[in-house]
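First up is the structure itself, then whatever we jot down about it.
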Amino acid sequence: MLRSAIGATVVGVAAFFLNRATLELPVFVPVGLFAVLLVVGIGFAALRYRLWGYEVRGDSLYLERGVLTRVRTVVPFVRIQHVDSARGPVERVLGLASTVVYTAGSRGADVRVPGLTADGSDELQDRLKGLAIRAEGDDAV
Amino acid sequence: MKLSPLSVPYKAAQKGGSIVFTLAFVLFSGASAFLGSIGGPLVAIGLLGLVVVVLVGYETLYYQRYDYDLTPDTFDIRSGVVSRRNREIPLRRIQNVDISRNVVQRVLGIAALDFETAGGSDTEAAIRYVTFEEAKRLQSEIARLKRGDAEDAPEVESDELFALSDRELGIVGALSFDLRGPGILFFLLSGSIPVVSSFFEFGVEATLLALGAVAVLAAVVLVSWLAGFALAVVNYYGFRLSRTDDELLYERGLLQRYDGSIPFDKIQTLTVEDNPLKRRFGYATLAIETAGYAPGQGTQRGSEAAVPLAERDRVLSLANDIEAFGTPEFTRPPKRIRRRYAARYLIVLGVVTALLFGVNTLLGASLPWYGPLAVLPLIPIAAHYKWKHRGYWLGENHVVTRNGFWKRQTKVVPYYRIQTVIDSRTIFQRRWHVATVTIDTAGSLSLSNQDAAAVDVEATDAERIRGALEDRLVTAVAERRSHRRQAAQPFIGPVEPDVPAEENGGESADGDAVDSESSEQTDTTSRDSDPSSV
């Protein structure tokens, strides 16, 4: 999961090229910026990883995340509409997968559990599906 | 069943109008010179005739191939001239039934009928033009079938809950502003600005310019006020709200009449809204949200309001009538949070002042950059009021939150309607040990508006609220389920004793005959792939 640091590197590299493209003269500036960004990015990603957590509870799925803004989300099983297992291109390369839980809500309509292994994601999906069915959700709407 | 035959000429005329207009425009401008040699007016008339024939032909075909049918469980539509579409809408899933008629349609006695479901953002079925009587019949039939009454059940009488008096309509208008009016005006006038500005020699006194700016501003306010007034009157003229046992019915509109129904058991959130002016005079607005949409949403701005304006007590009793939440006793955020608001305002003020100062020094002008500092003494007061109008309350069956001073929204969410609970703490909130608990529902107004949220509550309280909400949702769902097994109407008003209880525990597949909140979970395996289970 720590590999979300890859994201930071990508951002760093992008910034590097952007810098190169726009301000061509001072060579060491983009390099320095890149280094700073990389360090900050990795630090941020590490923090993010440390602060990320989910828990399958008795009645609900509980998630905790966020570095600057800490967010805790509770998704009751009775409210789960469907569960996806999704893998983006980067995730596929790294052998990762996300599980996305959908509710009928408007704001927290999709709750994402990223950085799982492919098997872990499928397993979580199955588990949530089972729990949602057992919870026998009502119409809600 | 078929559409109203009058829909053929009406729709043909409607579509034809714009085409004929374009055609006329083209023919009488550039193309006429080219076509003139071949016999000008004749060609024009020929083309016109062709358009009319094609349109009338198409609409006739559309009419012939459009067929709808109301069965005990579903509303079926078979339509399409070229590509056919059969659509079945389970009656239980229908959220709102809306009828609208504009002036011409009223003269012709036809009406547009819309069904809303929670799925998708579009209207599920838009039936373009049946007779008004038929539309009303369908509306009440659907309500009847959802109730599960027999065919010959007596007509349910509706009690009038609220009617907007002319005086209240006037107040609604007086309190409405519409910025679109000045927007259009500005667009039209913007071309003339260079002309106007060329009248001024560069360096003419700033006072004159300032005066001009003030005049423009006043004009903008006036125009937007007039536009708002006109729109409000057109929208809410003759507003009436009435209820049957399980539906709210509303009627409104001056030029275009709207007739709609909102089933009680589809209501997600109630919002009571007011502003300092309305509070001063004891008025408030009530908005009712369902998952399908808010009534009239999209087409007309500001018409989401279910009750545009009424005395505060009346709004509250009306809201209590719909959702019996009682009298909320709000818990305010901790008092120290006022300091946070004050600090926030101070920062804004500081930035504004600094900006002005910067501009001032850069341009070398002598503007009174320290002007904004005059509001400094107001900051503690503003912070206090912001704090004062915040609060949350956990009732027996509802959670009520209140936020905002200028636009104070009191939101009532039944525990049963909670979708997710989000508890968030920004970096600043953590410094003050407070958190915001957001309660997400399926209501559609929340997309553009604020969700119900207990803002800046003590961090430990936030934890408690989150847990409590979760528990109560689970309890509410369980309660609801057991209620469902006993009676048809667990949610609104007294349970009717004469409604036969479901013998086999409410799990019967014909649950729609019982009520619309049973979700037929007998077929649970199809749940994940069933988007209509919303």
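Numbers restart at 1 for each chain; the letters A, B, ... are given by sequence-line order, proteins then strands. What you see is a predicted model; the values in this text were computed from it and never measured.
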Contact origin within V421(B) toward chain A - heavy atom pairs under 4.5 Å: both
Chain A contact via I418(B) - which portion, at a heavy-atom distance below 4.5 Å: backbone
Residue selection (most heavy-atom pairs with chain A, distance under 4.5 Å) from A478(B), A435(B), S424(B): S424(B)
L469(B) side, atom CG; S60(A) side, atom OG - distance, nearest 0.5 Å: 12.0 Å
Reported CG-to-CG distance for the pair D59(A) and L473(B), which is rounded to 0.5 angstrom: 9.0 Å
Whether over 12 other heavy atoms sit under 6.0 Å from E123(A) CD: no
Heavy-atom side-chain proximity of R70(A) to Q429(B) below 4.5 angstrom: no
Between T73(A), L61(A), L68(A), the one whose heavy-atom pairs under 4.5 Å with chain B are most numerous: L68(A)
Stacked cation flag R79(A) on Y415(B), 6.0 angstrom / 45 deg: no
Within 6.0 angstrom of R50(A) CZ, more than 12 heavy atoms from elsewhere: no
Shortest non-hydrogen separation from P76(A) to T420(B) and the atoms involved: CD-CA, 4.3 Å
Inter-chain contacts: residues 456-468 of chain B against chain A, heavy atoms under 4.5 Å: E463(B), R466(B)
Full working for side-chain contact (heavy atoms from CB on, under 4.5 Å) between V71(A) and D423(B): CA-CA 6 Å; V71(A) 181; D423(B) 151 18; over 6 Å; no
